[in-house]
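Report on one structure; see the data block that follows.
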Amino acid sequence: MRLESKTAIIVGAGQGPGTGMGNGRATALRFAQEGAKVMSVDRELRLAEETAAMVAARGWRLFCF
């Protein structure tokens with residue numbers, strides 16, 4: 001919980017095309033795992049919401065734009 005009580009804004013938190021996981025989504029998940037409240041931002045809201053759903057499913061804190 002190295003980032004507990006911190007807020008992080010992750011720009012590009014949605015998944016890009018292709019297989020694997022993009023840097024933005026991976027960063028959002030890791031920061032949330034470490035206790036940060038994460039703001040998921042992406043130019044495609046649907047993709048930011050997918051990342052938010054992944055975080056919420058694990059019981060971590062996140063909101064999206």
Side-chain angles (χ1 to χ4, degrees):
M1 301 303 275
R2 296 181 291 176
L3 300 175
E4 192 169 2
S5 78
K6 303 291 185 185
T7 299
I9 301 170
I10 309 297
V11 178
Q15 180 66 36
T19 60
M21 182 176 293
N23 289 335
R25 181 169 283 173
T27 301
L29 291 170
R30 182 61 180 180
F31 279 28
Q33 181 183 25
E34 289 293 336
K37 182 176 182 183
V38 176
M39 176 188 284
S40 174
V41 180
D42 199 277
R43 65 183 179 161
E44 293 187 41
L45 181 58
R46 176 185 58 83
L47 297 176
E49 290 172 336
E50 286 178 10
T51 301
M54 293 175 76
V55 171
R58 292 168 171 84
W60 301 327
R61 301 178 311 161
L62 183 132
F63 54 102
C64 61
F65 260 88

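Predicted, not measured: the structure shown is a model, and the values here were computed from it.
Note: L3 CG to K37 NZ = 15.0 Å, rounded to the nearest 0.5 Å. Expressed to the nearest 0.5 Å, how far CD1 of I10 lies from OG1 of T51 amounts to 10.5 Å.
The salt bridge (Lys or Arg N to Asp or Glu O under 4.0 Å) pairs that include a residue from residues 1-10 are R2-E34, where partners are two or more places apart or lie in different chains.
Closest of all the heavy-atom pairs between S40 and A48 is OG-O, 3.3 Å. Residue A32 comes nearest to V38 through the heavy atom pair N-CG2, 3.7 Å, listed as atom of the first residue, atom of the second, then distance.
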Residues 54-62 side chain polar contacts: donor-acceptor under 3.5 Å, at least two apart:
| from | atom 1 | to | atom 2 | distance (Å) |
| --- | --- | --- | --- | --- |
| R58 | NH1 | M54 | O | 2.9 |
| R61 | NH2 | G35 | O | 3.4 |

